[in-house]
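Quick notes on the structure that follows.
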Amino acid sequence: MSTQGTMVDNDLQAIQKLKSAFDSIKQQLNRVIVGQDQVIEELLIALFAKGHCMLEGVPGLAKTLMISTLARCLSLDFSRIQFTPDLMPADITGTDFIEKNPATGTFELLFRAGPLFSNMVLADEINRTPPRTQAALLEAMQERQVSVGRVRHKLQNPFFVLATQNPIEQEGTYPLPEAQQDRFMFKVYVKYPNFKEEFEIARRTTGVVADEITPVLNGEQIVEIQQLVRKVPVSDHVIHYCLALVRQTRVGEPGVPKFIKDWLSWGAGPRAVQNLVLGGKARALLYGRSHVTTEDVKALAFPVLRHRLLCNFTAASEGVNTDTVVQKIIEDTPEKEGALTGDERFKKIFAS
């Protein structure tokens, strides 16, 4: 059985340190944020896998506070951009300006960096800004640089974008096209707290609260973790499992289940497989393991796939959303190696 990546003793020691750091980060965040453990875990996995996240949740769920507190835990520069319909690309990337040099008396063309030049950027309500500004952000996410005029400016490393969307108000918004949503590694749902969590929120936030945060990691250590993630070995079986989940979403391909043809108009592309593998590697490290399992992949199937599947009218009329589809795919996909590769339906999927 072949694997990807090579780990040495120093890497194994680093895994244990990362596991301790993960526990410390959760303890620090719990001083300020009540609940949302799964959201925090998925944000850290995306950061360590060098990806970006889209968060969706109703107002008032402390998304901004969670992200700014996480930045403090990781000693990262943090910028928050409130996206509005009149926001221009130069407002986020920065712009050139002319300034007179008092020493020489000559005029010089200088660059004033925008809020994208931070380690962690919160793009608040990204669907409220026009496509040109969205495209400027997406260039920064993909290329880790911004173009102003004819000059390209490199962004800081690490660089992590979290874009939020409000699922309630859709009037006057500019929804991200599916091709642009695919640039985000995860789409994370921020849900309502349960009764005990909301009770604690009410108690904490209406009294005198000390929210001192002790940094756990810094930017240099995060870059080292991102490099370590790439070294984590992945068995062929786990890659087959990732391929099985993703390739089942493609309408019209051999071996695809009937419910996919009934409910989906479009399925996920190869970037979904890459993100399942990379996310699985990062999750394995957070849990103190040096190898990826199918459990890691199953845990990340929802945030990886939910924004890469396009449900049709039939699904909407039956109350089916993308999470419903992903859950059914997981239930219909064998986890054991022999059961997966020996299944007649999956033989068609792997042969196509």
Side-chain angles (χ1 to χ4, degrees), residues 1-5 38 41-42 45-46 49 51 178-179 181-189 229-230 232-287 289-312 314-315 320-352:
M1 180 183 296
S2 63
T3 59
Q4 291 182 334
Q38 183 177 347
E41 179 180 310
E42 289 172 357
I45 289 171
E178 283 72 20
Q181 290 190 44
D182 193 46
R183 301 289 180 180
F184 288 91
M185 181 175 187
F186 291 161
K187 182 176 183 179
V188 179
Y189 284 158
V229 165
R230 294 277 176 167
V232 177
V234 182
S235 68
D236 288 350
H237 169 56
V238 171
I239 295 177
H240 281 148
Y241 186 72
C242 294
L243 285 164
L245 294 180
V246 174
R247 292 179 71 85
Q248 285 182 87
T249 67
R250 297 172 186 170
V251 182
E253 294 292 321
V256 171
K258 183 179 182 300
F259 67 86
I260 293 293
K261 301 174 184 177
D262 292 340
W263 290 340
L264 292 189
S265 297
W266 202 255
R271 194 177 279 117
V273 178
Q274 295 170 329
N275 288 333
L276 281 174
V277 173
L278 284 172
K281 290 183 175 189
R283 187 178 188 274
L285 292 182
L286 290 184
Y287 280 79
R289 288 183 278 105
S290 59
H291 64 281
V292 184
T293 68
T294 55
E295 284 299 319
D296 295 316
V297 177
K298 282 172 59 179
L300 301 178
F302 291 97
V304 168
L305 292 174
R306 62 168 54 114
H307 59 299
R308 293 183 164 92
L309 307 182
L310 184 61
C311 286
N312 57 26
T314 302
V320 171
N321 59 24
T322 54
D323 276 18
T324 309
V325 177
V326 174
Q327 180 63 47
K328 191 155 179 57
I329 290 173
I330 291 173
E331 291 172 355
D332 290 359
T333 305
E335 286 188 61
K336 293 185 178 180
E337 185 170 5
L340 180 62
T341 55
D343 188 285
E344 292 300 322
R345 183 166 70 84
F346 286 98
K347 285 181 180 180
K348 297 177 183 178
I349 291 174
F350 294 148
S352 62

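All values reported here derive from a predicted model rather than from experimental measurement.
The number of heavy atoms from other shown groups lying within 6.0 Å of CD (Gln181) is above 12.
Heavy-atom minimum distance, Ser265 versus Asn312: OG-CB, 3.2 Å. Taking both residues in full, the closest heavy atoms of Glu42 and Val188 are given as OE1-CG1, 3.3 Å, listed atom of the first, atom of the second, then distance. Minimum interatomic distance between Ala301 and Ile330 (heavy atoms only, all atoms of both residues): CB-CD1, 3.9 Å. Considering every non-hydrogen atom in both Val251 and Trp266, the closest pair reads CG2-N, 4.4 Å. Shown here for Asp332 and Pro334, the closest heavy-atom pair between the two residues is O-CD, 3.7 Å. Heavy-atom minimum distance, Val297 versus Cys242: CG2-SG, 3.7 Å.
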Below 3.5 Å, can you tabulate the donor-acceptor pairs from side chains in residues 303-311 to any protein atom, sequence neighbours excluded?
{"unit_1": "Arg306", "atom_1": "NE", "unit_2": "Asp323", "atom_2": "OD1", "d": "3.0"}
{"unit_1": "Arg306", "atom_1": "NH1", "unit_2": "Lys187", "atom_2": "O", "d": "2.7"}
{"unit_1": "Arg306", "atom_1": "NH2", "unit_2": "Asp323", "atom_2": "OD2", "d": "3.0"}
{"unit_1": "His307", "atom_1": "ND1", "unit_2": "Pro303", "atom_2": "O", "d": "3.4"}
{"unit_1": "His307", "atom_1": "NE2", "unit_2": "Phe184", "atom_2": "O", "d": "2.9"}
{"unit_1": "Arg308", "atom_1": "NE", "unit_2": "Asp182", "atom_2": "OD1", "d": "2.5"}
{"unit_1": "Arg308", "atom_1": "NH1", "unit_2": "Met185", "atom_2": "O", "d": "3.3"}
{"unit_1": "Arg308", "atom_1": "NH1", "unit_2": "Val304", "atom_2": "O", "d": "2.6"}
{"unit_1": "Arg308", "atom_1": "NH2", "unit_2": "Asp182", "atom_2": "O", "d": "2.9"}
{"unit_1": "Arg308", "atom_1": "NH2", "unit_2": "Phe184", "atom_2": "O", "d": "2.9"}

Please list, one pair per line, the donor and acceptor atoms closer than 3.5 Å that link side chains of residues 252-264 to other protein atoms, with sequence neighbours excluded.
{"unit_1": "Lys258", "atom_1": "NZ", "unit_2": "Asp262", "atom_2": "OD2", "d": "2.8"}
{"unit_1": "Trp263", "atom_1": "NE1", "unit_2": "Glu318", "atom_2": "OE1", "d": "3.0"}

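Of the possible donor and acceptor atoms, one in the side chain of Arg250 sits under 3.5 Å from a partner among the backbone N and O of Ala268. In this structure, Lys281 contributes its side chain and Arg230 its backbone to a donor-acceptor pair below 3.5 Å.
Partners of Thr333 by side chain to side chain donor-acceptor pair (under 3.5 Å), not counting sequence neighbours, listed by chain and number: Gln248. For the ring pair (Phe, Tyr, Trp, His ring centres under 6.0 Å) test, no residue two or more places apart in sequence or in another chain qualifies with Tyr287. With sequence neighbours excluded, the residues that form a salt bridge (Lys or Arg N to Asp or Glu O under 4.0 Å) with Glu335 are Lys298. Not counting sequence neighbours, Asn275 has no partner by the side chain to side chain donor-acceptor pair (under 3.5 Å) test.
Atom CZ of Arg283 and atom CD of Glu295 lie 7.5 Å apart (nearest 0.5 Å).
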